[in-house]
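Beneath this line is the structure, given in structure tokens, with notes to follow.
The analysis underlying the following values was restricted to heavy atoms, covering all of them including side chains, and did not include hydrogens, waters or symmetry mates.
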Amino acid sequence: MPHLTIIEWSGKEHHLEAETGQSVMQTALDALVPGIMADCGGSCSCATCHCYVDEAWLARLPLPETAERDMLECALDPLANSRLSCQLRMTPQNDGLVVRLPKSQI
Amino acid sequence: MRSNELLVVMGAGHAGAELAVQAREGGWSGRIALVGDEPALPYHRPPLSKAYLGGAASLEALALKSRAAYDKAGVDLMLGRRVAEVDRTAARLRFEDGHAMDYAHLAFATGGRPRRLPAAAAGADAADNFHYLRTLADVDRIRPRFVAGARLAIVGGGYVGLEVAAVAVKHGLKVTVLEAAPRVLARVTAPRVSSFYEQVHREAGVDVRTGVQVDGFDLDAEGRTVTWVHCDDGERIACDLVIAGIGLVPNTELAAAAGIAVDDGILIDAASRSSDPAIVAAGDCTRFHSALYDRSIRLESVPNALEQARCAAAAVNGKERLHDGVPWFWSDQYELKLKMVGLSQGYDRLLLRGSPEQRSFSAFYLKGDRVLAVDTVNRVPEFMLAKRLVAERIAVDADRLADDGVPLKNLLPPA
């Protein structure tokens, strides 16, 4: 199972094991990680599962599709490494992925 | 708080599941029971009329949280159970099977149920090809007949009806939508937006009929299958499958019987507290005063259910979190992402920005220079800005608003 680290705005780290194919968002929800609100349930409609992908991983993830790019354009506190965690799938290729959560989703 | 003190959350939809888990996260140290009348783990409802109906989403993908997440939060799932009575004097509830529980705090997250079609009462209700669409079980019953070539009659041209129509026509069904109002989405959007959606559906091959009331059904000889739908204009429509989506009725009977204040929704304040200090409520079953619109509203909305649940979870822990979110909704049909913010009731002017012909536009509902609501079609960045326009009651210049050459963010003050 691919490993995932989620770091809250406060700095608290969550080291999780994800199901292959599961989204980062769902992995976080199942582990009760605060800071992933996921109001729309992963339909790329709300930008409340916004996260920052660790720079080392950014180039190794598939690029965001248009819908995600549009949402990110107007997410709160966007950065160059912003992604929506509902659109990031855990795979053997991104075993060890590290993402951080923004201040706006406390 | 004594550790044996029990929080019971009635209703295991979006609101109930969020409330139960957030109550624990917020410090509730006693037991938490999440009671739902459906057997499945609490699940995402919006995909039912979209991806799940079309077979694009699995049952596992629908779960709001894994079973392990409830275990971790110490939430006891009591699924497939129904509460029959709440006795507030004794702080006790009784299940239909006679089992009773004493609660320290109680939460109503009982949601709503489909409004019944009066014309179906004569027997169509019980036919095996007549369905409402609210639950997983509804969709599981629909799917065997949801096949290419089948003739589908949809009663009601609201979000559910139109989302079903979009999925159905893509699957090769022959689809007729019957809407009693003069236009689809009549309760929620302006005529211009309705006509856009009517055109989109017609171009996709849906037979959209408006201003027609369904006034009866023919059943086969055994009385098990609807064969024809009768309309008040004299038309008859042959069908293999009927899906009715004509609105929602809030589930407030238990609350009303228990003597809690109810008026087309369980009345709550901005902190999700009911008229009983030991009882909170959240989601589609509630009615509350909207500060933004200065009137009482009831919303059928996932984001509202979640936020009210978070407020209710705070309230049971003796904290106060006030719901000040702006209402928003979404509906995916074909490749169109319709996202709406605010409530348009009372608008005196509609401004369009962009082009319905290009399938990319926003409709602004104005009252004076205030934006009451915005519908955006395939304009997600504008939706996010529109949320601020509505929530912060930002006065707008109508000419600039309607000018697609002026970036919408130029109309907002800096964040």
Backbone of B:A282 reached by a side-chain donor or acceptor of B:T286 within 3.5 Å: no
Residues which pass side-chain contact (heavy atoms from CB on, under 4.5 Å) with A:S43, listed by chain and number, not counting sequence neighbours: A:C40, A:S45, B:W330
Ion pair check, A:R100 and A:E8, cut-off under 4.0 Å: no
Side chain, backbone, both or neither of B:P46 within contact of chain A (heavy atoms, under 4.5 Å): neither
Under 4.5 Å from a heavy atom of chain A, the part of B:K65 involved: both
Charged N-O contact under 4.0 Å between A:D77 and A:K103: no
B:R24 versus chain A, the contacting section by heavy-atom distance below 4.5 Å: neither
Exam field: side chain A:D95 to backbone A:H3, donor-acceptor pair closer than 3.5 Å: yes
Side chain to side chain donor-acceptor pair (under 3.5 Å) partners of residues 56-72 of chain A, not counting sequence neighbours, each pair once: A:E68-A:R83
Heavy-atom side-chain contact between B:R379 and B:L408 under 4.5 Å: no
B:S272 and B:Q308 side chains, donor-acceptor separation under 3.5 Å: no
Which atoms of B:L64 approach chain A - backbone, side chain, both or neither, heavy atom under 4.5 Å: backbone
Any donor-acceptor pair under 3.5 Å from A:N94 side chain to A:R89 backbone: yes
Donor-acceptor contact below 3.5 Å, side chain B:N317 vs main chain B:W28: yes
Residues 50-61 of chain B: residues contacting chain A (heavy atom under 4.5 Å, by number): none
Selection from B:Q22, B:R310, B:H14, B:R67 maximising heavy-atom pairs under 4.5 Å formed with chain A: B:R310
Contacts of residues 10-30 of chain A with chain B (heavy atom under 4.5 Å): A:Q26, A:L29, A:D30
Under 3.5 Å side-chain donor-acceptor pair for A:H50 and A:S82: yes
Lys/Arg-Asp/Glu bridge criterion (N-O < 4.0 Å) met for B:R45, B:D284: no
Heavy-atom contact with chain A under 4.5 Å, split by part of B:K409: neither
